[in-house]
Amino acid sequence: MNYWLMKSEPAEFGIDDLAARRRQREPWDGVRNYQARNMMRDQMCRGDQAFFYHSNCPQPGIVGLMQIVVEGYPDDTAFDLDDKHYDPKSDPQNPRWFRVDVELVRPLNRTIGLAELREHSALMEMPLLRRGNRLSVMPVTATEWKYILRLE
DNA sequence: GCCAACGTTGGC
DNA sequence: GCCAACGTTGGC
């Protein structure tokens, strides 16, 4: 079992949008970063748990728990001329971008904010908290996962 | 392979 | 809106 943190801008797709699809899988697509792609394509396993993180918004932070329900497969939004994530360099014969499907486990009772996370020295190794970090998908250790859940 | 220019991310 | 940090692109 692996643990992850996945960012989304709530103005684009937030925890409420995922909650509206409860018990239904939702593709986590549009990721156009090689490190994040590699993790989705090669490392994420069905049953892995993930934090849903709101970024680029008034209250950035962890807002929910998800699980991976479908492992990495080609992100076909890259093939769609009309999609905002269209990438002419990706094609079905040789897909460049991958996605996974997720499912909501539950929203958190409250947002565990970025500033609050920074207050805990036990979390200082998280990529999320490192200067200049821009990864939209990143691993979380089992220790960090349990620690953060206790903050709720 | 280097590196400047440019675009994007994302907190504040 | 600002801006630091980082990734990507493309000329050479």
Side-chain angles (χ1 to χ4, degrees), chain A residues 2-21 26-44 48-68 71-141 143-145 147-152:
Chain A
N2 305 306
Y3 300 97
W4 307 93
L5 182 145
M6 302 168 82
K7 295 181 186 175
S8 182
E9 301 189 14
E12 296 292 325
F13 186 81
I15 188 71
D16 292 339
D17 298 303
L18 186 61
R21 292 162 171 76
E26 178 70 18
W28 200 267
D29 53 26
V31 175
R32 298 292 179 265
N33 170 281
Y34 289 105
Q35 271 183 276
R37 176 206 65 183
N38 292 347
M39 286 184 272
M40 291 199 294
R41 185 187 62 187
D42 306 331
Q43 293 178 250
M44 282 192 179
D48 283 359
Q49 305 284 298
F51 288 128
F52 192 123
Y53 179 90
H54 279 175
S55 67
N56 196 21
C57 61
Q59 203 188 0
I62 295 169
V63 295
L65 309 180
M66 307 187 282
Q67 61 179 337
I68 308 304
E71 297 180 5
Y73 63 102
D75 179 356
D76 63 16
T77 65
F79 312 144
D80 181 357
L81 267 167
D82 297 325
D83 195 281
K84 70 179 285 195
H85 301 292
Y86 172 67
D87 182 353
K89 292 171 184 165
S90 186
D91 67 79
Q93 278 67 47
N94 186 23
R96 173 174 298 207
W97 304 115
F98 285 71
R99 63 187 178 189
V100 297
D101 286 358
V102 300
E103 186 178 277
L104 181 69
V105 172
R106 65 176 177 89
L108 293 190
N109 298 322
R110 65 180 187 91
T111 298
I112 301 176
L114 180 62
E116 179 181 350
L117 293 170
R118 288 192 191 285
E119 292 169 4
H120 296 271
S121 58
L123 304 176
M124 62 188 290
E125 296 300 320
M126 292 184 75
L128 178 73
L129 306 183
R130 284 212 284 269
R131 183 183 179 83
N133 166 68
R134 291 171 54 183
L135 262 186
S136 63
V137 173
M138 67 189 80
V140 173
T141 69
T143 305
E144 291 160 349
W145 179 271
Y147 188 96
I148 290 169
L149 282 185
R150 282 198 298 269
L151 298 178
E152 186 181 4

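Just so it is clear, the values below take in all heavy atoms, side chains as well, and ignore hydrogens, waters and symmetry mates. Labels below follow one simple rule: chain letters A, B, ... track the order of the sequence lines, proteins then strands, and each chain is numbered from 1.
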(request) Write down the distance between CZ (A:Arg130) and P (B:dG10), rounded to a whole number of angstrom. (result) 15 Å
(request) Would you please name every residue forming a ring pair (Phe, Tyr, Trp, His ring centres under 6.0 Å) with A:Trp4, sequence neighbours left out? (result) none
(message) Quick check on B:dT9: is either OP1 or OP2 less than 4.0 Å from any side-chain nitrogen or oxygen of A:Lys7?
(response) no
(message) Looking at every heavy atom in both A:Phe98 and A:Met40, which two are closest together, and how far apart are they?
(response) O-CE, 3.0 Å
(message) From CD of A:Gln59 over to C1' of B:dG10, roughly how many Å is that when rounded to an integer?
(response) 16 Å
(message) Nearest whole Å is fine: how far is B:dT9 P from A:Met138 CE?
(response) 14 Å
(message) Without decimals, in angstroms, what is the distance between A:Asp87 CG and B:dT8 C1'?
(response) 15 Å
(request) Hey, could you give me the CG/CE distance between A:Asn133 and A:Met138, rounded to the nearest 0.5 Å? (result) 4.5 Å
(request) Quick one: list whatever passes ring pair (Phe, Tyr, Trp, His ring centres under 6.0 Å) with A:Tyr3, sequence neighbours left out. (result) A:Trp145
(message) Test of understanding: with salt bridge (charged side-chain N to carboxylate O under 4.0 Å, His left out), list the residues that count as partners of A:Glu9, not counting sequence neighbours.
(response) none
(request) Take the protein atom CG of A:Leu135 and the nucleotide atom C1' of C:dT8, then report the distance between them rounded to whole Å. (result) 15 Å
(request) Select from A:Arg96 and A:Asn133 the residue whose nearest nucleotide in DNA chain C is closer to the 5' end of that strand. (result) A:Asn133
(request) Applying side chain to side chain contact (heavy atoms under 4.5 Å, CB included), name anything that partners A:Tyr147, two or more places apart in sequence or on another chain. (result) A:His120, A:Ala122, A:Leu123, A:Arg150, A:Leu151
(request) For A:Gly132 and for A:Asn56, find the nucleotide of DNA chain C with the closest heavy atom, then tell me which residue's nucleotide is more 5'. (result) A:Asn56
(request) Kindly say if A:Tyr53 contacts the phosphate of B:dG11, meaning a side-chain N or O under 4.0 Å from OP1 or OP2. (result) yes
(message) Run the side chain to side chain contact (heavy atoms under 4.5 Å, CB included) test against A:Arg21 and tell me which residues pass, sequence neighbours left out.
(response) A:Phe13, A:Asp17, A:Gln24, A:Glu26
(message) From CZ of A:Arg32 over to P of B:dT9, roughly how many Å is that when rounded to an integer?
(response) 11 Å
(message) If you compare every side-chain N and O of A:Lys89 against the phosphate oxygens of C:dT9 (OP1, OP2), does one of them come in below 4.0 Å?
(response) yes
(message) Please report the distance, rounded to the nearest Å, between NE2 in A:His54 and C1' in B:dT9.
(response) 17 Å
(request) Find the distance A:Glu9:CD to B:dT9:P and express it as a whole number of Å. (result) 7 Å
Can you tabulate the close N/O pairs, meaning under 3.5 Å, that link protein atoms to atoms of nucleotides 4-7 of chain B?
from: B:dG7; atom 1: N2; to: A:Arg134; atom 2: NH1; distance (Å): 3.4

